[in-house]
Structure formats: C-alpha cells, structure tokens
There are 2 protein chains.
Amino acid sequence: MFIGELSKQTKLSIDTLRYYEKIGLIANVTRDRGGRRVYDESLIAWIEFVKVLKATGMPLKHMVDYAQLRQQGPQTTQDRMSILQDHFQHIQTQLAHLQTCHDLVEAKINTYAQALADGSNIPIGSCNAFTATNEEKTNEHSS
Amino acid sequence: MFIGELSKQTKLSIDTLRYYEKIGLIANVTRDRGGRRVYDESLIAWIEFVKVLKATGMPLKHMVDYAQLRQQGPQTTQDRMSILQDHFQHIQTQLAHLQTCHDLVEAKINTYAQALADGSNIPIGSCNAFTATNEEKTNEHSS
DNA sequence: TGTTGACCTGGAGTAGGCTCCAGCACTTAC
DNA sequence: GTAAGTGCTGGAGCCTACTCCAGGTCAACA
C-alpha cells in the first residue's frame, strides 16, 4: 500500500502521515525501488490507536515515546501499560469534566428556552451555575 | 477588582485575560484614573462560562461571536440559544466518542495486564479493536 | 520622597500540529 | 514516447491560543 491508499484508509492527510513518520510516530517504513513508501496493512491498527490517543488528548510527543517503547519489543510491555494506565486516569477525568460541562450547557439552554417561552428576559443569576462564589449579581445582558 | 485579583479568581493568567479582551471575548472593561482595568464581580460568571465552552472545544472565534450577540442584549436570545444548541450536539458527540476511546484504552490495558500475568506476549490481533477492516495480521511488536 | 509592586502598551515569540509549495522523479496507460 | 497521476524532499508558512518582554506609569506605604 502506498501513501495515498493509507491516507484514504486512515483519513489522515498524506502530509500528516509523512509528518508522523518524521517525528517518529510511524516507524520502519520501507520503500519500493522508486523510493515510494510502502506500508503494511497492519500499520492501520497502530494509526487507529494513535487516533484514539490523540482524541483523548495525548500530545504527539508522548505517543512518540510510547512508539519507541513499542519498537523495543515485548520487554517494554510493563512500561507501555503504565503509560496507558496514567492516560486512562486522564481520560476518566476528562469524561467527568465533559459530562459536567454538558450538564451546564444543557441547563443554560433550558434557561434560554424558558425565557423565550415566557417572553421574559434571562433571569438575574442565570449564570450561577458557572461561578463558585456568588450570591446574587446584576446581570444586564446575562451570559 | 483589578486584573491580578481576577486572574486569581478565574485561574486564567493576566496575559490571557488581556488577550481575551483584545479579541473581544471580554468587553466593556472600565479603567480607573491610573488606567488600570477595573472588573465587576459579575464578569466571573461569564469567564466561567467561557471556560466551559473552551473545555468543550469551542474555538475562541465562535465564543467571540457569541459574546457579540450577548452585547446586543435580549433580542439575540434566540440566536444565542441556537449557537448553544449546535454546540450541545457537538458536546454529545464528543462525549460518545470519548466514551468509546475510554473503553478501547481500557480493553488495551486489560490485554497488557493479561499478557503480563501470563508471561505471554501480546497476542496477534490485539489491535483489532482499532481497525475497521482486518481479519488477522502479523503483529511482531503489537501496538 | 523614595521604593516597591502591580499594572500598562505594543509587539515579538512560542508550541503544537499540521499544511502548502516548488521542483523533481517515477509509473502507468494510451 | 508522452502525458497524467502519484510520489518524493526540504523547507517555509499557518493557525490557535497563548506567553513573554522591554520600557514605562501609577499607587500605596514607610
């Protein structure tokens, strides 16, 4: 498989794939006689995993570290698992935070919907959910 | 409240607060005789809301649009609600995706744990969860 | 009155993660 | 044999979201 095909299958741009290779996230890329990169089907699994790590906020640098351990073979299994476990904690924190934000935005939408239904303005204090320390405030335009 | 205090309360750096003002995310900042920015307590609620939007992936540019509508007062309530509703969809998608990634990473960790417990290598195909189209693959180092 | 600390401005620099480009090489189909 | 399509390289450029800096002002306190 050449880079165009890999790009299609992974939905990463050709430039991105070359960039990932450059920084060490994709390794051991062989070439054909013409100098074209030739990829093994199995690389797709790794790239999909990279996308998962990326989607969960791991910086490329950390993934490169992980990739290097992976290159070193089975004796780094423990290290890689530790990295993933740390990252897993991070994902859980993210999920919880995102859920909180989800609920806050939902509440805010409901406030708007209510205000529109009533024909009223947004009530004073409608931002309360977003402040740790407030009792009552003037809120001319509301958030 | 001066900028140092606001920075402490919002946990945004002074530079960030000035930057947000520059791009129009924080408006109507008054000054004292000496030219120092003076903030109203009520601004904190808006900043906390901005942090929620940011944490859920809204670009600053979009927030600036929202902020401008907000400046225009109650007649933009419907527009603002629409923006939030669109963004809410986005948050739901994110949550679902993050949950999927969470589960995949968890599964991967379990595979590692199993391998370590067995003293075995990571089994062939342990990346299956990360590929749409694969049956079996050679997987010398596993992902 | 002097010093210290907080604040001001404009503008440059940074980090992360790509994205684009010029100029060239190779392959494939007609 | 030639044109189209795909690929190559090195390096510059871009976008977002800050972050830092120099050089200056102002206020509060001793």
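Please read all numbers here as calculations on a predicted model, not as lab measurements. In the text below, chain A, chain B and the rest are named by the order of the sequence lines, each starting its count at 1. Computed from heavy atoms alone, side chains included, the values below leave out hydrogens, waters and symmetry copies.
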- Is the backbone of B:Leu25 close enough, under 3.5 Å, to the side chain of B:Trp46 for a donor and an acceptor to pair up by distance? yes
- Task: Spell out, as yes or no, whether a donor-acceptor pair under 3.5 Å connects the side chain of A:Asp40 to the backbone of A:Leu43.
- Result: no
d([atom1], [X]; [atom2], [N]) in whole Å:
X       : N      : atom1 : atom2 : value
A:Phe2  : C:dC26 : CZ    : P     : 14 Å
B:Asp32 : D:dT25 : CG    : P     : 16 Å
B:Lys22 : C:dG11 : NZ    : P     : 9 Å
A:Lys11 : C:dT19 : NZ    : C1'   : 21 Å
A:Leu17 : D:dC8  : CG    : P     : 10 Å
B:Arg36 : D:dC26 : CZ    : C1'   : 7 Å
B:Met63 : D:dA17 : CE    : C1'   : 10 Å
A:Tyr19 : D:dC15 : OH    : P     : 17 Å

Under-4.0 Å side-chain N/O to phosphate OP1/OP2 contact, [X] with [N]:
X       : N      : result
A:Thr16 : C:dT19 : yes
B:Tyr20 : D:dC18 : yes
B:Arg37 : D:dC26 : no

- Task: Determine, for B:Glu21 against B:Arg18, whether the closest basic-nitrogen to carboxylate-oxygen distance falls under 4.0 angstrom.
- Result: no
Nearest to the [X] side chain among [options], which nucleotide is it?
X       : options               : value
A:Arg33 : C:dT27, C:dC7, D:dC8  : C:dT27
B:Arg31 : C:dC7, C:dT27, C:dT9  : C:dT9
A:Leu60 : C:dC18, C:dC7, C:dG16 : C:dC18

- Item | Residue A:His97 excluded, over 12 heavy atoms near NE2 under 6.0 Å | no
- Message: Heavy atoms only, 4.0 Å cut-off, all strands: where does A:Ile14 land among base, sugar-phosphate and nothing?
- Response: sugar-phosphate
- With heavy atoms under 4.0 Å as the rule, sort A:Lys54 into base, sugar-phosphate or nothing. sugar-phosphate
- Quick one: on DNA chain C, does A:Gly34 or B:Gly4 contact a more 5' nucleotide (nearest heavy atom)? B:Gly4
- Any B:Arg31 side-chain heavy atom under 4.5 Å of B:Val38 side chain: no
- Of B:Arg18 and A:Asp15, whose closest DNA chain D nucleotide lies nearer the 5' terminus? A:Asp15
